[in-house]
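Everything below concerns the one structure shown next.
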Number of protein chains: 2
Amino acid sequence: MTQTTSDMPGKAPRRQPAEKPARARPKGSQRVYDALRYDIISLTIAPGSILEETALCRQYKVSRTPVREALIRLSSEGLVDLEPNRGASVATLQFIDVVDHYEAMEIFQPVTCHFAAVRSSPADIKTIKATLAKFCTAVERSDHEGIIRFNYDFHSAIATASHNGCIERGYRQMLVDKLRIAQHGLPSVTRHRATALADRFAGTMRISVRLVDAIEQGDASAAEEIARELNEYVRAQVVSRFSVGLGHQVQLPTAQRRTDGETRGQVVKLPARTRQRSGA
Amino acid sequence: MTQTTSDMPGKAPRRQPAEKPARARPKGSQRVYDALRYDIISLTIAPGSILEETALCRQYKVSRTPVREALIRLSSEGLVDLEPNRGASVATLQFIDVVDHYEAMEIFQPVTCHFAAVRSSPADIKTIKATLAKFCTAVERSDHEGIIRFNYDFHSAIATASHNGCIERGYRQMLVDKLRIAQHGLPSVTRHRATALADRFAGTMRISVRLVDAIEQGDASAAEEIARELNEYVRAQVVSRFSVGLGHQVQLPTAQRRTDGETRGQVVKLPARTRQRSGA
DNA sequence: CGCTCCGCGATTGTATACCATAAAAATACA
DNA sequence: TGTATTTTTATGGTATACAATCGCGGAGCG
C-alpha cells in the first residue's frame, strides 16, 4: 500500500539504472524502508512514536537485519531518531522545526529556481512541466496523496535542473521535511471538504505555473521572485493551520536570541551562474 | 594504520567503571564508521576505491553486520556509493563536484554567517572563538590534521550559531564535502614545506578572525561580505592546486547547459531574521 | 517509610550461517 | 575460431542465534 514509482531520494540520486519497473519486487530492506518512510511522511505514524524492531519484523515479515538497515537510512535522512541502546523513534517535528523550514526555504527556493532558470536544459523543462501537469491533475481531482507526491516531484525536478549537486541535494533534503510539514496543513478534516482542498492548492498551482514559465524563459530574477511568493503563500497557509491548533503538537521552543534587530531587506549577492568548467 | 589515538584496541573487554565523557565509544559499528569516515575524508582511501566487506571485517576485527551498518550510514552521507548487489566504493569527488561546492558555498556561507551574526548567543560566540583559537594554534604549529579538523569545527560552530536547523544541517553537510576537497589543496608535497603550509592558512586565519569579529558585533552585512571573501580566497587556492594537476583525478564533466548568459550581480533578498515564535 | 542495590526481563548490538544473485570462466556448438 | 550458454564462484542480502546493555521492580537495610 505504500509503493509508488516516483523517484524519492534514498538511492543514488544521479544514477538512473536500467529499468525493472514491471516486477516491482524490491528487496526486503528497500521495501521496509519505503513503507516506513511513507508512513512517517504521511503521518500515519505519529511523530515521537517508538519503533520497536521486533514489531516491525512481524509487520513486514522480515528479520531484524533489513529492519535495522531501513532504520539507519531513515535516521540519516532525519526522519527517525536513533539512540544507541535505546531504540528508534519517529523524529519529532519540533526537531525539523516548521518555522526554520520556511525561513530556510525563503532562501533555498529562490536560489534553486534561479539556478534552474539559467541552467535548465530543454529536457529539464520537459520533466518539470510533466511533473507540474501531474500535480495539476491531482489538484483537480482533489487527490490528497497525489498532491503531496507530485508537488515533491515537481520541486525535485527543479532541483535537478539547477545542475549544482550541492544545491540539488540540500534542496531535496528540505523537500523531504516539507512532505511531513505539508501534512499538517492537510489534517483529516479537510478530507471532508474536498472543494476547499482543491481551492487552496489551486493557488499553489497557479503560482507554480508562473514559476515554470519564468524558468523556461530563463528569467532568473522573475523565477526568484515567484519562488519567494510561492513559499510565502504556502507558509501562510500552513502556519494558519497550526494556529488553529490542528495536528500533532509542534513545540515552538522559547529560543533565547542575542538580538532581534531589524535586518529585513539585507541582500546576498548570487555568484556567477556561468560555469568555468566548460573550457576544461 | 589510520587511527590517531584512542580507539584501536579491538579486543579489550576490560570493564570501564564509570564513563568516558563524550569520547569515542568502543562500539563496533561506531568505531568502524568513525575510522572509515576518517580514512575517506583524509583521502587515506582514494576516491573510487572498492570497499569489500570481508576485507573491512578483517581490518577492524568485527563481523559483517557492523561493517554494513557503517557503510549504509556513510552512503547516506554521500561519502560512499552503494550499488545494490554490486558492493560499495568510496564516493568519487567528481560526484560531489568541487566547482559545485564552491559555487554553492558562495551563497550559503554568507547566509549562514548572516544568521549567526544576528542570532548568535554569547555562548555561541564563546564556542566559535574557542574553535578558532584551536585552528590558529594548529596553523602556527603547521599541524596538518588539526588545521582541517578545527577549521571544520570552527564553521560547524558558526552553523550552530545560525539557530536555524535547516541551514545548520545543510551547511554542515557541505562542510563534510569541504573536508575532502580541502585535502586536495594539501597534497603530500606540502608536508615538506611546512612553512608554505602555514603561510597559506595564515591568510585563511586572518580572514576568519575578521569574520568572527563581524559576527560578534552582530554586523550581518560585514559577516556576509567577509564570508564571501573567505570562500573566494579558499576557492582560488584549491582551484590553483587542481590546475597544477596534483591529487586524485577530478573529472569535470562536460555538462550541457542551455544557456550561459551573464547573470552576475543578481541578488537574493534575505528574509527577516527575527523569529515569530517568541510570542508563543 | 524511604532509599539503595541487586537481579531479572526485555530490547538492542554483534556474530555467523545460509541463500540469492551477478560477474566470470569454461565448454560446447555453430 | 568465435559466440552463446551453462556452470562456477565469489560477493552481497537475509535470517537466526548469541551476547551485552539498559530499565524496572522487589527485597533488604537504614
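By convention in this document, chain letters (A, B, ...) are assigned in the order of the sequence lines, proteins followed by strands, and residues within each chain are numbered from 1. What you see is a predicted model; the values in this text were computed from it and never measured.
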### Query
With distance as the sole criterion, is a donor-acceptor pair present between the side chains of A/Asp124 and A/His163 under 3.5 Å?
yes
### Task
Can you tell me the distance, in whole Å, between the CG atom of A/Asn85 and the P atom of C/dG9?
20 Å
### Query
In whole angstroms, how far is the P atom of C/dA15 from the CG atom of B/Leu56?
14 Å
### Query
Any donor-acceptor pair under 3.5 Å joining the side chain of A/Arg86 to the base of D/dG23?
no
### Message
Using whole Å, what does the distance between atom P of nucleotide C/dG13 and atom CZ of B/Arg68 come to?
### Response
17 Å
### Message
What is the separation between atom CG on B/Leu71 and atom P on D/dG13, rounded to the nearest whole Å?
### Response
10 Å
### Query
Parallel, tilted or perpendicular for A/His155 and A/Tyr171, by the 30°/60° rule?
perpendicular
### Task
Take the protein atom CZ of A/Arg64 and the nucleotide atom C1' of C/dA10, then report the distance between them rounded to whole Å.
11 Å
### Query
Touch check for B/Ser29, heavy atoms < 4.0 angstrom, all strands: base, sugar-phosphate only, or nothing?
sugar-phosphate
### Nearest-Å distance for atom pair CG/P, residues B/Leu82 and D/dG12
10 Å
### Summary
Whole-Å distance, B/Lys61 NZ to C/dA15 P, equals 12 Å
### Query
What integer distance in Å separates A/Ile72:CD1 from C/dG13:P?
8 Å
### Query
In terms of side-chain geometry, is the basic nitrogen of A/Glu103 or B/Arg119 positioned less than 4.0 Å from the acidic oxygen of its partner?
yes
## Note on the structure
By nearest-nucleotide position on DNA chain D, the 5'-leaning member of B/Gly87 and A/Ser63 is B/Gly87
### Out of C/dA15, D/dA15, D/dG12, whichever nucleotide has its closest atom nearest the side chain of B/Glu53
D/dG12
### Query
Which sits closer to the 5' end of DNA chain D, B/Thr54 or B/Thr65, going by the nucleotide each is nearest to?
B/Thr54
### Query
Would you call A/Glu168-A/Arg172 a salt bridge at under 4.0 Å N-O?
yes
